[in-house]
Amino acid sequence: MPSARSWRAYPQTYRLEASRCSGCQKTFFPPRQVCNACSGREFETFRMGYGGTVVTHTVIRTPGDQFQGEAPFAVGIIAMDDGPKMTTQIVDVPLEEIRIGMKVKLEFRRMYAEGHDGVIEYGHKAVPLRE
Amino acid sequence: MSVGIVGYGAHLPRRRIKVEEIAKVWGADAPSYKKGLELLQKSVPALDEDTITLSVEAVRNALTRAGGIDPADIGALYIGSESHPYAVKPSGTIVAEAIGAVPSCHTADFEFACKAGSEAMFVAYGLVKAGLVKYAVGIGGDTSQGAPGDALEYSAAAGSAAFIMGDDPDKMLATVDETYAFMTDTPDFWRREHQFYPSHGGRFTGEPAYFRTTLGAVNGLLEKANLKPEDFRWAVFHQPNGKFPARVAKMAGFTEEQYDVGRLVPLLGNTYSGASPLGLTAILDVAQPGDRIFMCSYGSGAGSDAFVYTVQDRIREVQNLAPKTRWMLEENTIQVEYGEYAKMRRKIRLAGE
Amino acid sequence: MRDVAVIGVGMQKWGEIWTKSLREIFVESALLAMDDAGIDKLEAMYVGSMSPGLFAAQEHIGSLLADYLGQAPIPATRVESACASGGLAFRMACMDVASGMHDIVLAGGVEKMTDISGGEATFALSTASDMKWEGTCGVTFPGLYAMMAVAHMEKFGTTREQLAQVAVKNHANGSLNARAQFPTKITAEQVINSVKVADPLNILDCSPITDGAAAVIVVPADMVKNFQQPGVKVTGTGHATDTIALHDRDDLTVIDSARLAGEQAYKMAGKTPQDIDLCEVHDCFTIAEIMVTEALGFCELGGGGPAVAAGHTALGGKIPVNTSGGLKSKGHPVGATGVGQVIEVVEQLRGQSGQRQVKDAKVGMTQNMGGSGGSSVVHILEVM
């Protein structure tokens, strides 16, 4: 029954809610209870924007069972313009075109489904920023 | 007090498949499809795209154009689709949660074949007009499936359009001046519970269904509004293929110049509940203040919703704030072959399925 | 605190052990260690195991293994820190003996990984990542290390060929180890042309899925004379943690937990990297060995690739790394790996390593790592 596990994280997975330490201004995604830089315990919540930059990346060719049938797919670490870093898939781009430093934008996507009769987990994946 | 659109947005999957690519798999004659249906390609959602994901992106674009309204002021959100990801569990709750409209928000999922999107717009408009809510969102989106090899496979496509209705004159982009709905029980296209692909009545979907219903709504609205086709700068009709909207426009007295901008289907395919709403977004992307727009949807089963809009001054400020529909349609695309399309549309049965 | 020494080691050949269960492979290795020490009674035991629940549908293995080893009712503790579980179990045993609580303590490790499918094993291993914020997007462990490799290659110019050289070296070492899962030499060309797993890592850059167990006996150093084997003293231990989500680290090209655990162990032992005669490091992927040799100070940051290419870390080089064959060739039964590393160093310091013996080895080091570097355990061992 993982639906409660995903449900309680909807503010983060659906709306990209992050937090900023009131003491030292360090940003966290997901929010934390204790700042790992200054040990502060007071935070303000804010919604991240969708823009970011690829810090590193790879192509998953042998996925775990939950992602069978989807490989190959790219994943990367994205440094969000608003501070925190996150790991997510990089989609809608030829795999060989992904580069460190590439500008991306997060889009709302299906992350995975719990089998054929379980809950669908939604979240954000990165697409190349095109104007 | 005028009520109308204060924010609009669209979102399309990036992948496209050409008619030739589908036809060669089934030994069909591509030129006859291209000519007969006026279809060149269609959009293909990826494995991780569905009606909900496309709609969240469309609403976010609409919010961007709505100029900083607080999502908490959205009192109602309706999403029309024939491809809701869940049979039981609303799509609207996910979209509302993703944009931050929860919890004070009335939400429902609509289904009426290809007219569910305009239904959502109709009800959203009506609630604001009644003074029950400050803002209401109407969304039409689909990731429709056609059975492999069936004529529908060449057109069943994906996309979503969202409209925020409100009565704030400072935010008004296009007023809704008149509405009309036409509906009879006409079974031209359906999908029974537990069936993966829809069924249709072949040529019965044309004359007694699409054309009779659409013209009924067009004539009903023109009469109700006391307007003539030449009073409109733009017109958009439901577009299951390229030919139907052109023909129904001509029958109703509209010209190609009026309907061409909103007729996305040759390059997009039929986005079902998203079809005429997406056409409307493409028109709003280029419309000028004062332009009058005619819109008529069609949903099998069968019915049409028709609207008259008048474009307001603020449109100029917002057209470039979010991706334009024609740009998404024509520029930001990836062509796929049938194999990847079959994988993306889960037409390949994997282990454990 | 009392000084601590290892006086018994035991380990069967690792690999796909279809005919034996988790408890059987553990008891076999534990008995070998007890026989090596010449004892049949323990006072306490610590067993490293990452996920017997997911791999073998069995939790509560501290008691289970103590019972099947004929040692119940002694206190038996399962220790978990993902792939560093074995190294941490050894550290717990050393701390137990050093504290004076017990005199004869077994430190073991075990993992039975082949009873489930490859996809299920990939999932089980991925639970050592931040499942909610890394795992839900489909990233695997090879994927996480591949992302470190991409960052390392971008920053330092580390090459695909250098990565392959780690696997070539470790398989050459493993070919001299009868207990290795894959005791076969391979070429860089084979590595580079092997099946792609997570770009730039191919299957021969990855440690295998392995069944295996390992055990050592730890006693107070001043009791060593009571036993039949020469004692090997544990002079340094270090243990450090880091964010388990790779993306939460400021620098993706340095494994800080290894660096910090190494600094603790060097300080405690009063040694520097130049004093180390051989080191077993956690080469779960080829890039990991390169980054750990940098973190432990055997070369400059960014120097790990050139060092392996120059042969500095080969048998006969300046600092032989993974003389056992490493996780790459010897196998990686995750919970047992850290104890297996200790066994290699103890045998080297005893002069019992045969064809792969490092000449005059006096000081050896082990580095065992959990996840993508969320934990590291380092030990320094010396001849007495």
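Residue numbering restarts at 1 for every chain, and letters A, B, ... go by the order of the sequence lines.
The part of Gln66(A) that comes within reach of chain C is its side chain, from C-beta onward, which places non-hydrogen atoms under 4.5 angstrom from that chain. Contacts between Leu246(C) and chain A at a heavy-atom distance below 4.5 Å involve backbone atoms as well as side-chain atoms. With a 4.5 Å cut-off on non-hydrogen atoms, Phe73(A) touches chain C through its side chain but not through its backbone.
Thr122(C) has its side chain out of reach of Thr62(A): every pair of non-hydrogen atoms, C-beta onward, lies at least 4.5 Å apart. Side-chain contact check for Lys85(A) versus Asp248(C): every heavy-atom pair is 4.5 Å or farther apart. In this structure, Ser6(A) and Thr136(C) have side chains that are not in contact, with every pair of non-hydrogen atoms separated by 4.5 Å or more.
Although no hydrogens or angles enter the test, the distance criterion places no donor-acceptor pair under 3.5 Å between the side chain of His247(C) and the main chain of Ile77(A). Side-chain N or O atoms of Thr56(A) include none that pairs as donor or acceptor with a backbone N or O of Val150(C) at under 3.5 Å.
Between chain C and the residues Pro30(A), Ala9(A), Ala71(A), Gly123(A), the most heavy-atom pairs under 4.5 angstrom are made by Pro30(A). Taking Gly118(C), Gly143(C), Gly119(C) one by one and counting their heavy-atom pairs under 4.5 Å with chain A, the maximum is reached by Gly119(C). The most heavy-atom pairs under 4.5 Å with chain C, out of His57(A), Gln12(A), Met111(A), Gln89(A), come from His57(A). Put simply, of Met148(C), Arg249(C), Lys132(C), Glu120(C), the one with the most heavy-atom pairs under 4.5 Å next to chain A is Lys132(C). When Pro200(C), Pro142(C), Ala198(C) are compared by the number of non-hydrogen pairs under 4.5 Å with chain A, Ala198(C) comes out ahead. With respect to chain C, the highest number of heavy-atom pairs below 4.5 Å among Asp65(A), Val75(A), Thr13(A) belongs to Asp65(A). The candidate from Val55(A), Ile78(A), Ile60(A) with the greatest count of non-hydrogen atom pairs under 4.5 Å with chain C is Ile60(A).
In summary, Arg99(A) and Glu154(C) do not engage in a salt bridge, as defined by a charged side-chain N under 4.0 Å from a carboxylate O.
Here the shortest heavy-atom pairing between Arg61(A) and Lys196(C) reads CD-CB, 3.3 Å. The two residues Ala146(C) and Thr58(A) come nearest to each other via the heavy atoms CB-OG1, 3.3 Å. The minimum heavy-atom distance linking Thr140(C) with Pro63(A) is given by the pair CG2-CA, 4.1 Å. When all heavy atoms of Gly76(A) and Met147(C) are compared, the pair lying nearest together is CA-SD, 3.7 Å. Across all their heavy atoms, Thr87(A) and Cys137(C) have their closest contact at CG2-SG, 3.8 Å. Ala151(C) approaches Ile100(A) most closely through the heavy-atom pair CA-CD1, 4.4 Å.
For CD of Gln68(A), the number of neighbouring non-hydrogen atoms (other residues, nucleotides, ligands) closer than 6.0 Å is greater than 12. Within 6.0 Å of atom CD in Glu189(C), 12 or fewer heavy atoms from other residues, nucleotides or ligands are found, so the atom counts as exposed in its surroundings. Summarising the local packing, CZ of Arg41(A) is surrounded by 12 or fewer heavy atoms from other residues, nucleotides or ligands at distances under 6.0 Å. Summarising the local packing, CG of Asp251(C) is surrounded by more than 12 heavy atoms from other residues, nucleotides or ligands at distances under 6.0 Å. With a 6.0 Å radius and a threshold of 12 heavy atoms from other residues, nucleotides or ligands, Glu42(A) has its CD atom at or below the threshold.
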